[in-house]
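One structure below.
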Protein chains: 2
Amino acid sequence: MHRKIRIVDIAKMAGVSKGTVDRVLHNRGSVSDAARIAIEKVLEQVNYKPNIHVSAISLKRRYKIIVTTPEFSPGAYWESIHNGIRHALEEYENVKVDYQVFTYNQYDVYSCRETFEKIAGIEMDALIIGPTFNEETVNLCKKLDDRDIPYIFVDSTIEDTSPLAFFSADHYVCGFMIAKLITSLIPAHTNIAIFQAVRTGDRSANTTILRKKGFTDYLEKNRCSNLILSIPFSVTEPEDNEMYLSHLFHSQKDIPAIVVLNSRGNYIANYLANNHIEGVKMICMDLTTANIEALKKGQIEYLIGQEPEYQGFYAMKTMLEYLIFKKPVERQNYVQLDILTRENIDFYKSFNNIMY
Amino acid sequence: MHRKIRIVDIAKMAGVSKGTVDRVLHNRGSVSDAARIAIEKVLEQVNYKPNIHVSAISLKRRYKIIVTTPEFSPGAYWESIHNGIRHALEEYENVKVDYQVFTYNQYDVYSCRETFEKIAGIEMDALIIGPTFNEETVNLCKKLDDRDIPYIFVDSTIEDTSPLAFFSADHYVCGFMIAKLITSLIPAHTNIAIFQAVRTGDRSANTTILRKKGFTDYLEKNRCSNLILSIPFSVTEPEDNEMYLSHLFHSQKDIPAIVVLNSRGNYIANYLANNHIEGVKMICMDLTTANIEALKKGQIEYLIGQEPEYQGFYAMKTMLEYLIFKKPVERQNYVQLDILTRENIDFYKSFNNIMY
DNA sequence: GACATTTATGTGCACGTGCACGAAGATACA
DNA sequence: TGTATCTTCGTGCACGTGCACATAAATGTC
């Protein structure tokens, strides 16, 4: 194997100094066409890959990166995404990053709108977005596009935007898989109750819609005869849920299976436990600490994980490498869908163990 | 946050030169007790963490690392482990590593013995071992211990050895989880056929024994009434398997479920397909390309993954960081047990996508 | 005590990139 | 032609560690 090519090697080949090569590599301008073309010619021939270790220690400029996601509490889904983001910054501790977090209420479209308008006015190098509402996100992204500010989505992607990349589960397939799992646990012809979060202003989250679609499609394709009971679930008015649930379980219907398409499965699990309702198989989304607890207790049969730490970590990592090294970016990044049981949950790597 | 502490800072604090600090940090010797103690005192107070980027570019010495595992063919389990190892070396491309691979026949204890004896005589800095046979591995490790050569296990660990670390699934839990999955797919009181690999010299692989134990323990604990049919599986004499299988399926027994505790599940799947035996639920180990194909075709219901790339990657990464930076090592490293279905298999990251 | 040998310590360079600074060359305008 | 302005380009330093080499101190030997 040949010696690794360096900037000075390219400079010598192109008959210029390393400063000029540096300007071309980083698009800094102030280069004559002749010099630029000569250098580009050399770059085509040789496969130059900067030594990232040296780049790292030589870096001087600061980057301002903004992160906006729904609000979150300890142990919740969105906290994991933020943990991943922080881990990425720790890995690149030598890079000077000012990062600022803006959260909004994911059940209130006005909160989102307000936050996004504030963000749109800020000076920044890049943005990481955890989107919920379509229209508001599209509006924000339009402004970002105009200002040539790159942005990356986590958790889900939004149509009619042009992000640098997105890191998300395939929510449709997620619902599809959940249907397969739940139907393997219960007899045919039985009922399945599905809980979905309700939001203000008649808006639904992308994610839940897609999961629901995947779920029903599976049943249809496989001619499953189970009856689906769609139950609303309110995060803002938790007292309503008590009503929905008591309604469901006093309706004399047999409910052998429950599916929760958001991360609040533990809430339902607790209701069942408190009301001594047993023998219900539950499948829920996301490895929140509360959900994991319920899984270990046997209240939940399967938890579906969508690697939130991974999403956050790679969103930030990808952004940094794009900003610093102009590293080419893969746009579509679907994360793994993990099936967790009380048996394999203890080995699940929450990225705290992984580091990277 | 304070400025990061450097070697020269420590040197100044201890009243010595950076060369002496370097010698203490790397245990190079030639340091007076007085100087060593002074430096160690400073090191206790400050939290020195070397800048790995600078370390990386300053590295000069070569390391010789040997890897020994069972033989493998393309797309097979052990190949993934080797892929992970290579990825780690790519990440540390600046480190000069001579690495040499020695494989042995995992079904032949003599082959293993011969290979290990050869390895024991070689000059090296470190070793990564994919063990199969207990006694032979213990013998090799004793010699390594005498020569102070660090070694790391992948795939499984061996008692009575003192490895620097091991990266492995918890095979007992794996079997336990498989039992849970398979019993959820079939009615009570039915038969379950279990395939286990047979080896020369009456030796069994650790892994299979542990998985089988976990499997039967689950059934016992949960008072499952399924009848277990243990079927041998020979890799060396494949024509025997045809016999075992035809025996099984001509015995008039109803076989609604099959569990394969090694990575050759696809072999059984093909037998079923060729003989038009349908409606059998299979759970198999490992994401070999052949197994993945069978999973996608619907011949296999669940595949259990044990992150072989991850194992290889972190085994080599851990070893390198131990050798270079004297980084402290976590001994026990249990990998994730992934449950794959035809739905989520496409999102499974084979590390080719991940890189790191 | 003189010299040889061993042990302990300090000094200085290489690693390759990012970026600041200043020099040189080109162009404009009086 | 002389001066000012803008564009283009080259030079050189910083980053912090690993390690080789030179130097100084301590110890051993007769």
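Each chain gets a letter, A, B and so on, in the order the sequences are listed, and its residues count up from 1.
Within 4.0 Å of A:H53, counting heavy atoms only, lies no atom of the nucleic acid at all. Using a 4.0 Å heavy-atom cutoff across all strands shown, A:R61 reaches sugar-phosphate atoms only and no base atom. At the heavy-atom level, A:S55 lies under 4.0 Å from the strands shown only through sugar-phosphate atoms. Residue-level contact check: B:V16 touches the backbone only, with heavy atoms under 4.0 Å from sugar-phosphate atoms and none from bases. As judged by a 4.0 angstrom heavy-atom cut-off over every strand, A:S30 is placed among the base-contacting residues.
Side chain A:R28 to base C:dG18: no donor-acceptor pair is found below 3.5 Å. Judged by atom type and distance alone, A:K18 reaches the base of D:dG12 through a side-chain donor-acceptor pair under 3.5 Å.
Straight-line distance from the CD1 atom of A:I7 to the P atom of D:dC13: 18 Å, rounded to whole Å. Rounded to an integer number of Å, the gap from CG of B:N51 to P of D:dC15 is 12 Å. For the pair A:K12 NZ and C:dG16 C1', the interatomic distance rounds to 14 Å; values are reported in whole Å. One interatomic measurement links the two molecules: CG of B:D9 to P of D:dC15, which rounds to 11 Å at whole-angstrom precision.
Among the nucleotides C:dG16, D:dG10, D:dC19, the one closest to the side chain of A:R23 is D:dG10. Across D:dA14, C:dA14, D:dT11, the shortest atom-to-atom separation from the side chain of A:K60 is found for D:dA14. For A:V31, the side-chain atoms get nearest to D:dC9 when compared with the rest of D:dG18, D:dC9, C:dT9. The B:T20 side chain lies nearest to C:dG10 when the options are D:dT11, D:dG18, C:dG10. In this structure, the nucleotide among C:dG10, C:dG18, C:dG16 sitting nearest to the side chain of A:H26 is C:dG18.
In the model, A:T132 has a side-chain atom that pairs as donor or acceptor with a side-chain atom of A:Y104 under 3.5 Å.
Considering only side-chain N and O atoms, A:Y48 lies nowhere under 4.0 angstrom from the phosphate OP1 or OP2 of C:dG16.
The aromatic rings of A:Y310 and A:Y314 are tilted relative to each other, their planes meeting at an angle between 30° and 60°.
Checking B:A35 against B:S58, the closest nucleotide of DNA chain C that is more toward the 5' end is the one next to B:A35. Where B:V54 and B:D22 meet DNA chain D, the nucleotide closest to each residue was compared, and B:V54 sits on the side nearer the 5' end.
Within a 6.0 Å sphere centred on NZ of A:K143, other residues, nucleotides and ligands contribute more than 12 heavy atoms. The 12-atom threshold is exceeded at OH of A:Y48, counting heavy atoms of other residues, nucleotides or ligands nearer than 6.0 Å.
None of A:V138, A:L144, A:T137 except one satisfies the side chain to side chain contact (heavy atoms under 4.5 Å, CB included) rule with A:L140; the exception is A:L144.
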